[in-house]
Novice: 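Supplied in structure tokens, the structure appears directly below.
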Number of protein chains: 6
Amino acid sequence: VDLQSISKLTTGFSGADLNNLVNEAAILAARRSKTEIGASEFAESVDRVMLGPIRRSRTTTEHEQEITAYHESGHAIVGHVLEHADPIAKVTILSRGATGGHTRSLPEEDRRYWTMNQFKDMMAMAMGGRVAELSQFGEGEITTGASNDLESATNMARTMVTRYGMSKKLGPRTFGKREEMVFLGREISEQRDYSDKVAETIDDEVYSLVGEAYQRASDVLANNKIEFGQLAKYLLEHETAEGDVIKGLFNPPSAPDDGPTPTADLESSPAV
Amino acid sequence: VDLQSISKLTTGFSGADLNNLVNEAAILAARRSKTEIGASEFAESVDRVMLGPIRRSRTTTEHEQEITAYHESGHAIVGHVLEHADPIAKVTILSRGATGGHTRSLPEEDRRYWTMNQFKDMMAMAMGGRVAELSQFGEGEITTGASNDLESATNMARTMVTRYGMSKKLGPRTFGKREEMVFLGREISEQRDYSDKVAETIDDEVYSLVGEAYQRASDVLANNKIEFGQLAKYLLEHETAEGDVIKGLFNPPSAPDDGPTPTADLESSPAV
Amino acid sequence: VDLQSISKLTTGFSGADLNNLVNEAAILAARRSKTEIGASEFAESVDRVMLGPIRRSRTTTEHEQEITAYHESGHAIVGHVLEHADPIAKVTILSRGATGGHTRSLPEEDRRYWTMNQFKDMMAMAMGGRVAELSQFGEGEITTGASNDLESATNMARTMVTRYGMSKKLGPRTFGKREEMVFLGREISEQRDYSDKVAETIDDEVYSLVGEAYQRASDVLANNKIEFGQLAKYLLEHETAEGDVIKGLFNPPSAPDDGPTPTADLESSPAV
Amino acid sequence: VDLQSISKLTTGFSGADLNNLVNEAAILAARRSKTEIGASEFAESVDRVMLGPIRRSRTTTEHEQEITAYHESGHAIVGHVLEHADPIAKVTILSRGATGGHTRSLPEEDRRYWTMNQFKDMMAMAMGGRVAELSQFGEGEITTGASNDLESATNMARTMVTRYGMSKKLGPRTFGKREEMVFLGREISEQRDYSDKVAETIDDEVYSLVGEAYQRASDVLANNKIEFGQLAKYLLEHETAEGDVIKGLFNPPSAPDDGPTPTADLESSPAV
Amino acid sequence: VDLQSISKLTTGFSGADLNNLVNEAAILAARRSKTEIGASEFAESVDRVMLGPIRRSRTTTEHEQEITAYHESGHAIVGHVLEHADPIAKVTILSRGATGGHTRSLPEEDRRYWTMNQFKDMMAMAMGGRVAELSQFGEGEITTGASNDLESATNMARTMVTRYGMSKKLGPRTFGKREEMVFLGREISEQRDYSDKVAETIDDEVYSLVGEAYQRASDVLANNKIEFGQLAKYLLEHETAEGDVIKGLFNPPSAPDDGPTPTADLESSPAV
Amino acid sequence: VDLQSISKLTTGFSGADLNNLVNEAAILAARRSKTEIGASEFAESVDRVMLGPIRRSRTTTEHEQEITAYHESGHAIVGHVLEHADPIAKVTILSRGATGGHTRSLPEEDRRYWTMNQFKDMMAMAMGGRVAELSQFGEGEITTGASNDLESATNMARTMVTRYGMSKKLGPRTFGKREEMVFLGREISEQRDYSDKVAETIDDEVYSLVGEAYQRASDVLANNKIEFGQLAKYLLEHETAEGDVIKGLFNPPSAPDDGPTPTADLESSPAV
């Protein structure tokens, strides 16, 4: 087993998570009557450890499958096209735990810093799901499925302007005092130490950043309508698409692939 | 017994609820000298488990019966007519627990996402009770009976704009930080992290959404005056109307019904 | 003993209250050397159980007696004249517990809903005491005695606009999140979830509702000056007036009364 | 001993206070070699029980004695002249406990209600001390000694507008929810349930009420300059003046007094 | 030993403080081989008890000594010149505990009241340190050393307007409710019970009072430039100057002094 | 060993820190087969005690090394050039604990006071990192690495205006009440006791101070482009640069150095 790629797959895992991963992979290998755990067993067990087992028993309607397929395709296409978003490793409409489907991007390197460009592309990628629903099903049919995406984009925008000084209007400073209320057993993350006028400017900047992300996601999907539809249809048929499938939509391969490369990495991907 | 339809009836039940349901149905079957619990015993026991026993001892005046009948008919007619609201399964003016009467809609499928259209129709259905009182008894005679409807519509509107990004004015973002204060033994659902100006816009959007829902409920009842009155009168006579009765008001049946279909489902219906 | 009328008298009583009532009535019957507790013993014991024993030891000045008499007459006359207020059962200037005097209205039926008209008449009735003081003694001599009346009218107005959607300006929605802070052993009734602009509109609506109630109370007393003065004088002489006395002021009886009818009912009367 | 007058002197006393009073009076009687406690022993012990022993050891400068004399005379003259303030029973510049001196008014009757006129005169009387300092020593020499007076007048004004509906601008309603936080072992008296605009109007009304009280106190002292000066000089010489002395300044007695009448009563006097 | 002057030196001491004082004085007397504790031993021990031992080990630079000397001279000159500030007893640049140096004023009498003039002169004296730094070293070189002075002047100004009614704009009333949160083991001194508009006016008044104090301190130092410089130089040479030295700068003595008079008194001096 | 210089290195160390330092130095000496701990062992152990061991295992990309090198060079160049910032002792891109790299300045003396000029230069030095990223990599590539710098500059600016009276607009006063909530086990540093208008002015002043610092850092780096680039390249090659290296960039040495001087001092350096 290639330890390097397993370590890449498991960035952010705790010791207990790693333990679970080995157990799950061993069970999978046993089911396959293998005497050794291979890279593929590890790769397939990562999702199970992170998100829980696949939930097929839940009777999802065909229409909801379709919503999920377009929603996830929206994330994947925007994430693939934008320069500073990490490459897409996998997108699926299989339901695990509380998720309907998910899209994973794989950072090409360990990262200590995040740049403004990366934030902006990640936010656009988060918006991809809602934009996909709107363009495919119309305004009245947008769903609650984008709730986590919107929250994660909002938090990114807020952090950019209040902790990383990435707003020109607000200047190179931080806002709010982060508190750790040990007494209450959990962190209350911010005590407001600024005026309501600054609160308004923060709101304006967040509004403008999420608006920009939304617009960029819209542009990407409008400019890549064909691949967007192809990916959604692929998902409805195969449930899961590895990164190579997505690359293939844009650059059809001339030579055959030697086999799947396990490249899923949970860290640094928004929970989409 | 058809397990499929019982499972539909009991969406959202806890293990303890299911246990109670079986007990109540068994008691009912015994009273009826049946040796087996039939589908009808289950169907009739669901209300008892969810809302408590029927309260006949309370001496309700004729006028209050009338108010309840028109109020519930308002919900039922609006819910029946609007496209994205779930079909009405049952409406009753029998008092159980704290409720004066109730109207139940039955989702046709398990649902993972909710669309904006569904929210809007559910809100209009919630407004149906108040609108019915107003149109039947006049402005001074509107009652406190709509309190839960108004609260539920307000919460839906608020959630649409603060968690689901369904307001164009406020943009595709979330507002407020949801807190779980373990220390206090319960959730305090929102910490305000925005300016008072945004709070005003949220108020404006909620005002506009509940206003739109109210107007749509008014239009539906005005355009279906005859059926609205017929249903209220039916309720005053029979206390309860199954979904077929309501359908029959709009499309009078040409052939006889074979018997009642147990279709009550509590989940996803507003507590009206 | 007519159980029906005792049950009417004791709406809202707890088990302990009922127990006290029977004891007090038994003591009273014994004092009167009766072998059975009669309806009159029950009726006379209700006040004692609800408000405490009569406080005659407190040396009230003649002027304060006069204030009380006009104040309570104000409540009673407004409550009698307005259509949607419950009929007056009894008015007294006997001091019990913390009260200087009190006026009781008796709902004619158990009530599940309250209408807007009922709220408005109850608020006007609550204003009757202050208006009576003002018209009888002049502006500088208005007293602190109206404090509970003002609080109860304010709460009714606030509830109408924030929980029952009875304000057109604010629309058919609810405001504020009701909290139950179990941790602190008591309920903190409202968490503000709206902007300061909405808070202003709520204030405006409450102001307008209490102002309207005040004006209506003023009009009633001005239009019924003679009966108002007669009732106050009757109270100064007899301390207590049953509902029939008040009715008699407006429709002088042509035939004699057979005797007093116990009609006091505490529930649904504002604490005036 | 005349129990009636002792009971008047001790309005508001707890059982323990009464016990102390008897003890102190007995000690005083013993010192005077009397075999019975007389009315004068009771009267002289009331101050000791309420405010603590006289503090002569504290070396007060002549100038501070003078400030106290004019300050207390200010209270006494305003209280004497204004119609709805209770008659002055005693004024002293003897220091007891935390007080530099004090002025006592004696209500002529037990009181259940307070009128607006009474509040206004009590507020003017509270302002008398500060006004006296200003007129006697000049603006730069006003002192911290008026702190309790200002707080008590502010509280009265606030209560008039927020609990007793005595402001026309704010209308006949109450403001704020009174809380009792049992958890914290004490009452937090008000939870704001109104907008900042209403808070401003409350501030304006309080400002206007204390300003009016201040102006009235100024007018009284300006119009009674001679008696004001006479009383201050009397206090500097005799330390204490009974109510008769003050009356005498305004209506010089033609016949001799038979002796002092114990009339001190603490209740209903502002802590001045 | 003259008990009178020791008692003056120790105003505000607790029993434990007094005990420490006697011990320290005894140790000092023993070191000096005296058989009795003299007045000088008491005087010299007061500082040690109040502020801690002298900290010479800390290697202060020459420049910081200079800053301290001018800063303290600023306090002392302003305090000496202004009429309503107490006479200066001692000024030193010896570091004790957390202080870099300190200036003490000695009230000529026990005080029960404070006048507005006294507050104003004390505030100007507090500003003397910062003004001295500015005038001696220039704007960019003002230091953090004035932090306590600014806080104490701010508190005085705030108290004048919110507790002592010394602002014409805000009127003769108090602001805020003082709380004692026993539960939290300490006092939280103020609960805001006024509008934001009043909060602004309070800010304006505090701004204007500290500004006035700053201007007066500037004027005094500008008008007494020579003495200001002389005192700073004296301190750099002798570390400590008794009150007579300062008086001598303004009124050069014609006759010799008989010896030092211990006059230090901590009470009523701002912690400068 | 020169105790003087060790004490300089360890300003701000606790007893436990000193103990750790001696242990680390002893281990280092042992590894080097020395029988005595030398000054160099102490110097090298200080970083390990303060920030934790070097983290080489973390696979940092070349690009992130470059970011760190320019970021730290930005701090170092600005700190070196500005007159009132302490001289730079060391700058490194070695990662220890949570830091990517760090820059240390060494105060030339123990300090009791901080001047406004020193605050301003320290703030500019803190801004040096962000400015360096911007000028080297462009606006879209600014990173999250400046987060601590921005927070520390913001806190300095805030403290200048709210505790040290260093803003002309806000005047010589303090703002906010510092609280120590013992109950919660930690300090909540500020209770707002001013209006929202003052909060706005504080925001404006902080904005203007951090803006000025940012501009000054930009100017310094623009005017010292060559040395800035040289230092970053030196760091990419050697990982660490002592203060002499930086001095050498500006004043190339004509004579050889005798050896390294251990001059690192953590106290008074912003955590950059």
Side-chain angles (χ1 to χ4, degrees), chain E residues 58-65 67-68 71 95 100 126-127 130-131 133-134 137-155 157-158 162 176 181 183-186 188-190 192 195-204 206-211 213-214 217, chain F residues 4 7-8 11 82-84 107-122 156 159-188 190-202 212 216 268:
Chain E
R58 188 153 182 188
T59 54
T60 317
T61 61
E62 214 166 290
H63 181 55
E64 291 209 324
Q65 287 288 67
I67 295 175
T68 308
H71 184 108
S95 171
M127 290 295 166
R130 163 61 57 92
V131 169
E133 292 181 19
L134 177 69
F137 305 104
E139 198 186 350
E141 294 300 308
I142 58 174
T143 75
T144 55
S147 153
N148 282 342
D149 303 337
L150 301 177
E151 187 162 25
S152 125
T154 303
N155 288 343
R158 217 181 149 72
T162 63
M181 302 280 280
F183 167 63
L184 299 177
R186 56 185 299 283
I188 288 173
S189 56
E190 189 194 292
R192 187 184 283 196
S195 63
D196 199 59
K197 196 178 127 199
V198 159
E200 272 182 37
T201 314
I202 292 174
D203 284 334
D204 289 349
V206 169
Y207 179 86
S208 141
L209 282 168
V210 299
Y214 190 87
Chain F
Q4 175 87 23
S7 100
K8 257 192 155 177
T11 318
L82 290 183
E83 184 190 349
H84 301 96
E108 279 162 332
E109 58 199 41
D110 263 5
R111 195 165 281 158
R112 177 178 289 149
Y113 311 122
W114 295 84
T115 68
M116 186 157 77
N117 285 335
Q118 286 167 337
F119 278 129
K120 289 190 168 182
D121 285 4
M122 282 162 67
M156 265 187 265
T159 308
M160 285 171 72
V161 299
T162 62
R163 304 241 64 86
Y164 298 130
M166 291 177 175
S167 148
K168 275 192 185 158
K169 251 200 215 160
L170 287 162
R173 57 163 290 197
T174 57
F175 295 89
K177 201 172 294 171
R178 276 175 301 184
E179 299 284 336
E180 283 177 74
M181 302 280 280
V182 190
F183 167 63
L184 299 177
R186 57 186 298 283
E187 187 182 1
I188 288 172
E190 188 194 294
Q191 193 191 4
R192 188 184 283 196
D193 61 359
Y194 43 85
S195 64
D196 199 59
K197 196 177 124 198
V198 159
E200 273 181 36
T201 314
I202 292 174
E212 182 192 328
R216 294 179 70 216
S268 80

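Worth knowing before you read on, the calculation uses all heavy atoms, side chains too, and leaves out hydrogens, waters and symmetry mates. The chains referred to below are lettered A, B, ... by the order of the sequence lines, with proteins before strands, and numbering in each begins at 1.
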Novice: A side-chain contact here means heavy atoms from C-beta on lying under 4.5 Å apart; do F:Arg173 and E:Val206 qualify?
Specialist: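 In contact.
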
Novice: Side chain of E:Arg192, backbone of F:Tyr194: donor and acceptor closer than 3.5 Å?
Specialist: yes

Novice: E:Asn155 versus chain F, heavy atoms under 4.5 Å apart: side chain, backbone, both or neither?
Specialist: neither

Novice: Can you tell me which portion of F:Lys169 sits under 4.5 Å from chain E's heavy atoms? Options are side chain, backbone, both or neither.
Specialist: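 Contact with chain E is through the backbone of F:Lys169 alone.
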
Novice: Do F:Tyr164 and E:Ile142 come close enough that some side-chain heavy atom pair is under 4.5 Å?
Specialist: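 No, too far: nothing below the 4.5 Å cut-off.
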
Novice: Do you know the tightest heavy-atom contact between E:Asp196 and F:Asp196?
Specialist: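 Looks like OD1-N, 3.3 Å.
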
Novice: Can you find a pair of side-chain heavy atoms, one from E:Ile67 and one from F:Arg112, that are under 4.5 Å apart?
Specialist: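 Not touching, per the 4.5 Å side-chain cut-off.
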
Novice: Side chains of E:Met127 and F:Pro172, heavy atoms from C-beta outward: is any pair under 4.5 Å?
Specialist: yes

Novice: Does a side-chain heavy-atom distance below 4.5 Å link E:Thr144 with F:Gln118?
Specialist: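 In short, these two side chains do not touch, never coming nearer than 4.5 Å.
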
Novice: Look up atom OG1 in F:Thr201 and atom OH in E:Tyr207, then write down how far apart they are to the nearest 0.5 Å.
Specialist: 9.5 Å

Novice: Can you see which heavy atom on F:Met116 is nearest to which on E:Glu139, and at what distance?
Specialist: CE-O, 3.6 Å

Novice: Between chain F and each of E:Gly140, E:Ala199, E:Gly211, E:Ser195, count heavy-atom pairs under 4.5 Å; write down the option with the most.
Specialist: E:Gly140

Novice: State whether the side chain of E:Glu64 and the backbone N or O of F:Tyr113 hold a donor-acceptor pair below 3.5 Å, judged by distance alone.
Specialist: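 It does hold such a pair.
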
Novice: Show your reasoning for whether side chain to side chain contact (heavy atoms under 4.5 Å, CB included) applies to E:Asp204 and F:Lys197.
Specialist: CA-CA 10 Å; E:Asp204 289 349; F:Lys197 196 177 124 198; 4.2 Å; yes

Novice: Search all heavy atoms of F:Thr174 against all heavy atoms of E:Thr154 and return the closest pair with its distance.
Specialist: N-OG1, 3.0 Å

